[in-house]
Asks: 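I am attaching a structure below and will ask some questions about it afterwards.
As a basis for the values below, the full set of heavy atoms in this structure was taken, side chains included, without hydrogen atoms, waters or symmetry mates.
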Amino acid sequence: MRWRGVLAGLIAVVAACSPAAALDRASVAARACGGASGMTDAANAMVASLPDASVEDARWVATFSNAAIERTLRCGAGAPTIAAPEGARDAASLRPGAPADGSPPLLSLKNRPLFETVRAAATLLAGPTAAERAGALTALERRAGSLPPELFERAAEAETDPALKERVLGVGQAALLNSPDMAKRLAAIQRIAATPDRRALTQIAALKGDPAYGEDPAFRAAVDAAVGSIERWLAVSNALNVFYNGLSFASILFMASAGLAIIFGLMGVINLAQGEFIMIGAYVAYAVQEAMRAAAPGLLDWYLIAAIPVVFLVTAGVGIAVEATIVRRLYTRPLMTLLATWAVSLLIVNLVRVAIGTQNLQFVTPSYISGGRLVTGDFIVTWNRLFAIVFAAVTLALTWFVLKKTPLGLNIRAVTQNRAMAGCVGIATRRVDMMAFGFGSGLAGLAGLALCPIYSVNPQMGSNFIVDSFMVVVLGGVGTLAGTVIAALGVGQINVLIEPLYGAVAAKVIVLLMIIAFLQWRPEGLYAVKGRRK
């Protein structure tokens, strides 16, 4: 655009002047009232003065440029004035002046971007709040190459907010890429390449069209080395993103599948209501959130932690009720248990639809799972996904402890391996079935809690996980915790790897075909339970 050329020409003028001329406010105001060319000269003069301007002059530039944009600047027979609700002010001194009797100068389509850039640059230097300075920096980011690099250096020196100061330095480096000093350009290329991301790649790759790229071997070598380094780090960050997203998905799959594996391995029951237990867990977490909002709003940030025991106990209780009233009578008829649990799933979904509605629930995002941290390239560790991963790891450890170190776990393993012999030595197999069904249902409820910060919570949410959960159980080996963990990791990683290439539906089909092919070679899955009996 033409205004970019004007600012680019201004940089050369600024570089040639050492030091920059002091700002003559009266002269700038007079130029602004001199037509379109005068407006351009006024904007150029203000930009040229900003790197060395005082804070008072920078504030005046912000006020004057804003008056020109908002058409409160008046040019008449006398000195230019600025119209304000409290009365007219002299445009040069900002003191109360004669009434504004003139008309606003015409701000052309070419001059408006110039004055907007001037206003943002002056606000960056002298804005009273960090929010205003951050907004000004955002407006200047795309125009950094057309502004004097010294402007950003000064703004960074004066900035008191650490995060904003880092942003200013980053934009300043982008401005230095167009500096007339080749040493500064080379240094800027190295510093930008040290923080590799796609934005840095775009900035440096654009230099291949610069005349210096074809004329200066050192410049060309620096650009090529920087582009190669950024591309390598971006490849690493892409791999880390796939692994991290796959690990978070696998964490949810594990918690959804662990209870299913215990129930199926122990009782041979294909529980099609497992997805609805996930949904119940999410809705119970929402109920805890709303209860804390009403009773203890100051502790609302901790509702996810407070909901953990409540979610487990409620979903486990629902599971025990389903086992005691429906499933227990159908153990000898596997097909009937499948149909019965399917009917239970339909009943639960429709009850929730009628009682609560079909809309997505709105969850408060606690501060400890908000945002994330940039590690390298475009790889950001988001705290909500990390919460799901850590929560799944803790759930795995506690599940292993229950199954390996407690009397209940010993009874579950005994009944799973040989139900008849376990009954002969005095184990109440029906009671074990009930407790295991409740334990597996509780694990599904915890999966629903972990999904709250990263997934849409509605009555249909559980059905999206039931197929993947069964694939994990069958692939890992029915009733084995280690197999469930490994299968969840495999299915999660493969899904995340394939989905960007072929889409979500195709990814599930491909994973299913891979599992079928694997089961043709190893029908018992990754791990087989020894001596499982009905």
Side-chain angles (χ1 to χ4, degrees), residues 134 138 141 161-171 173 191-203 229-258 282 285 289 300-305 307-308 363-398 446-457 461 464-465 468 472 485-486 488-501 504 507:
T138 300
E141 282 178 329
D161 183 275
L164 183 55
K165 184 173 185 176
E166 288 297 320
R167 284 187 59 198
V168 173
L169 289 172
V171 175
Q173 295 305 321
R191 283 192 286 267
I192 291 175
T195 54
D197 54 28
R198 296 197 180 278
R199 184 174 183 177
L201 180 62
T202 301
Q203 289 175 335
S229 174
I230 294 173
E231 287 178 342
R232 286 192 296 272
W233 280 109
L234 284 178
V236 172
S237 70
N238 288 338
L240 290 174
N241 271 322
V242 170
F243 174 76
Y244 184 66
N245 292 336
L247 190 60
S248 65
F249 183 50
S251 301
I252 302 300
L253 278 184
F254 162 73
M255 288 190 289
S257 305
Q289 170 192 281
L300 184 61
D301 211 36
W302 300 99
Y303 78 91
L304 275 180
I305 307 302
I308 292 175
F363 283 85
V364 174
T365 303
S367 59
Y368 49 86
I369 60 171
S370 299
R373 182 179 181 85
L374 179 65
V375 177
T376 182
D378 292 330
F379 174 51
I380 300 176
V381 175
T382 52
W383 302 136
N384 57 354
R385 293 187 178 274
L386 185 62
F387 171 79
I389 293 169
V390 173
F391 189 63
V394 173
T395 302
L396 171 61
L398 293 176
L446 293 180
L449 182 145
L451 281 169
C452 292
I454 58 177
Y455 200 78
S456 298
V457 175
M461 65 177 295
N464 297 327
F465 291 91
D468 288 332
V472 168
V485 172
I486 296 174
L489 288 172
V491 171
Q493 293 292 347
I494 295 173
N495 258 301
V496 171
L497 186 64
I498 297 176
E499 189 170 319
L501 302 176

Asks: Working to the nearest 0.5 Å, report the span between CD1 of Ile192 and CG of Leu201.
Replies: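 Here the rounded value is 11.5 Å.
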Asks: Find the distance between CD1 (Ile305) and CG (Leu449) and round it off to the nearest 0.5 Å.
Replies: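 Reported to 0.5 Å precision, the distance equals 8.0 Å.
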Asks: Taking Tyr455 for the side chain and Gly448 for the main chain, is one N or O donor matched with an acceptor at less than 3.5 Å?
Replies: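 Pair absent, no side-chain N/O of Tyr455 close to backbone of Gly448.
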Asks: Looking only at heavy atoms, which two atoms of Ala388 and Met255 are closest? And how far apart?
Replies: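 Nearest pair, atom of Ala388 first, then Met255: O-CE, 4.5 Å.
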Asks: Would you say Phe243 has more than 12 foreign heavy atoms packed within less than 6.0 Å of its CZ?
Replies: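 Result for CZ/Phe243: open.
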Asks: Are side-chain heavy atoms of Ile454 and Phe387 found at a separation under 4.5 Å?
Replies: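 Of all side-chain heavy-atom pairs linking Phe387 with Ile454, none is under 4.5 Å.
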Asks: Between Leu451 and Met461, which heavy-atom pair has the shortest distance, and what is it?
Replies: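 Smallest interatomic distance, heavy atoms only, reads CD1-CE, 3.8 Å.
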Asks: State, with a plain yes or no, whether a side-chain heavy atom of Tyr244 is found less than 4.5 Å away from one of Leu386.
Replies: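 They are in contact (side-chain heavy atoms under 4.5 Å apart), so the answer is yes.
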Asks: Could you walk me through whether Arg385 and Leu247 pass the side chain to side chain contact (heavy atoms under 4.5 Å, CB included) check?
Replies: CA-CA 9 Å; Arg385 293 187 178 274; Leu247 190 60; over 6 Å; no
Asks: So which atom in Val496 and which in Val242 form the shortest heavy-atom distance, rounded to 0.1 Å?
Replies: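 In this case the closest contact between Val496 and Val242 is CG1-O, 3.7 Å.
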Asks: Can you give me the closest heavy-atom contact between Pro453 and Ala450, atom names plus distance?
Replies: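 So the minimum-distance heavy-atom pair works out to CD-O, 3.2 Å.
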Asks: List the steps, then state whether side chain to side chain contact (heavy atoms under 4.5 Å, CB included) holds for Arg198 with Ile230.
Replies: CA-CA 8 Å; Arg198 296 197 180 278; Ile230 294 173; over 6 Å; no
Asks: Check the surroundings of atom CH2 in Trp383: do more than 12 heavy atoms from other residues, nucleotides or ligands lie under 6.0 Å from it?
Replies: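 Count over threshold, so yes.
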Asks: Indicate the atoms forming the closest heavy-atom contact of Phe379 with Leu374, along with that distance.
Replies: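 In terms of heavy atoms, the two residues are closest at O-CD1, 3.5 Å.
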Asks: Passes side chain to side chain contact (heavy atoms under 4.5 Å, CB included), Ile308 versus Phe391? Steps please.
Replies: CA-CA 10 Å; Ile308 292 175; Phe391 189 63; 3.5 Å; yes
Asks: Rounded at 0.5 Å granularity, tell me how far OG in Ser248 sits from CG in Leu253.
Replies: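 One finds 10.0 Å between OG of Ser248 and CG of Leu253.
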Asks: Any heavy-atom pair between the side chains of Lys165 and Pro162 that's under 4.5 Å?
Replies: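 Side chain of Pro162 against side chain of Lys165, heavy atoms only: no contact under 4.5 Å found.
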Asks: Restricting to non-hydrogen atoms, name the atom on Gln493 and the atom on Gly246 that form the minimum distance, rounded to 0.1 Å.
Replies: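 Scanning both residues completely, I find the closest heavy atoms to be NE2-C, 3.5 Å.
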Asks: I'd like to know whether Phe363 forms a side chain to side chain contact (heavy atoms under 4.5 Å, CB included) with Leu304, so could you lay out the CA-CA distance, the side-chain angles of the two residues, the decisive distance to 0.1 Å, and finally the verdict.
Replies: CA-CA 10 Å; Phe363 283 85; Leu304 275 180; 5.8 Å; no
